Number of protein chains: 2
Amino acid sequence: MAAPKTAKSAPPLLDDDKTVELADMFKMLGDPSRLRIVTATLEGPRAVGEIAAMLGLSVSLVSHHLRLLRATRLVSPERRGKQIFYRVHDQHVAHVIRDMIAHVNEEAE
Amino acid sequence: MAAPKTAKSAPPLLDDDKTVELADMFKMLGDPSRLRIVTATLEGPRAVGEIAAMLGLSVSLVSHHLRLLRATRLVSPERRGKQIFYRVHDQHVAHVIRDMIAHVNEEAE
DNA sequence: ATAACAATTGAACAAGTGTTCAATCGTATG
DNA sequence: CATACGATTGAACACTTGTTCAATTGTTAT
């Protein structure tokens, strides 16, 4: 909790549940390692070890992050032999992230 | 740092600086209080006390968050008399956030 | 100047976070 | 079966983070 004031009057633009849900999604992308992992899976299914090598991170660390990303439904796993391939969970997520990347890459205004 | 492996080979989709910059932006929006504050300023310039009342948060807390949001250039202040009004820093930021909200509100797939 | 109002600031604390290391699980191949 | 490989898991750690409270700065009015 935050304030003793019992104030509440403005119409929302986003209800409380959606706000928390969205914040959780943002939080997941708010860590550089995780953001790199997600953008890596954006280009196609990538195995855990592959991601780790690409990014210069330990397999353990990548796996920990993938567990969180899975829980937030940002990526989804698919087993193929010994390896497990991850990709962005759906097109919805992919679009949002691509959008953000585009905006940061433009940066012209 | 993370892994001792000296691996590095894949072409980026987003260079390191931009990645960190984007992650910082995401991190700011990754807290529910802050996300609500930003969406509040999305509808027009809002005074600090006004925001605090709308959201049921203490003025102090809102101010702390606004300092962070200012530092990340997500909002910008404008003094008008005793009060200080905040609004989303630019259209760029506004668009990205509106986009995200729209996506979460749809949620249909 | 004094008082009142709006907002910022700093210290302090609990709770959460990213990372590492070692151990474990799952799947394929000898 | 055993061995090797890929990935997950859990404990432990230092570090960061969100929040509160009290004190302070800045602004307008009396």
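This one's a predicted model, so the numbers in the text were calculated from it and none came from an experiment. Below, read A as the first sequence line, B as the second, and so on, with proteins coming before strands; counting in each chain starts at 1.
- Contact annotation: S63(B) does not reach the phosphate of dT9(C) (side-chain N/O to OP1 or OP2, under 4.0 Å).
- Within the model, atoms CG of L57(B) and CZ of R34(B) stand 12.0 Å from one another, a figure rounded to the nearest 0.5 Å.
- We find that NE2 of H65(B) is positioned 15 Å from C1' of dT9(C), with the value rounded to whole Å.
- Looking at the side chain of V48(A), the nearest of the listed nucleotides dT8(D), dT19(D), dT19(C) is dT8(D).
- Listed by residue number, the members of residues 79-89 of chain A with any heavy atom below 4.0 angstrom from DNA chain D are K82(A), Q83(A), I84(A), Y86(A).
- Residues V48(B) and Q83(B) form no side-chain contact, since every pair of their non-hydrogen atoms from C-beta on lies 4.5 Å or further apart.
- Going from atom CD of E78(B) over to atom P of dG26(D) covers 19 Å, rounded to whole Å.
- Contacts of H64(A) with the nucleic acid, taken as non-hydrogen atoms under 4.0 Å apart, include base atoms.
- Looking at E50(A), its side chain does come within 3.5 Å of a backbone N or O of A47(A) through a donor-acceptor pair.
- Between the P atom of dT16(D) and the CG atom of D31(A) lies a distance of 13 Å, rounded to the nearest Å.
- For the pair L68(A) CG and dG10(D) C1', the interatomic distance rounds to 14 Å; values are reported in whole Å.
- When every heavy atom of P32(A) is checked against every heavy atom of A23(B), the shortest pair comes out as N-CB, 3.9 Å.
- Here dA7(D) is the nucleotide among dA7(D), dT9(C), dT20(C) with the atom lying nearest to any side-chain atom of V59(A).
- The side-chain contact (heavy atoms from CB on, under 4.5 Å) search around R80(B) returns P45(B), E78(B), F85(B), not counting sequence neighbours.
- Put simply, CG on L29(A) is 16 Å from C1' on dG18(C), counting in whole angstrom units.
- When the P atom of dG18(C) is taken as reference, atom NZ of K27(A) falls 9 Å away, rounded to whole Å.
- Rounded to the nearest 0.5 angstrom, I101(A) CD1 and L35(A) CG are separated by 6.5 Å.
- DNA chain C is contacted by both P77(B) and R34(A); P77(B) maps to the nucleotide lying nearer its 5′ end (nearest heavy atom per residue).
- Under the side-chain contact (heavy atoms from CB on, under 4.5 Å) criterion, R73(B) pairs with H89(B), not counting sequence neighbours.
- Between the side chain of S60(A) and the base of dT8(D) there is no donor-acceptor pair of N/O atoms closer than 3.5 Å.
- An OP1 or OP2 oxygen of dC21(C) is reached within less than 4.0 angstrom by no side-chain nitrogen or oxygen of S58(A).
- Atom pair L66(A):CG and dT19(C):C1' shows a separation of 15 Å (rounding to whole Å applied).
- Straight-line distance from the CZ atom of R36(A) to the C1' atom of dG18(C): 13 Å, rounded to whole Å.
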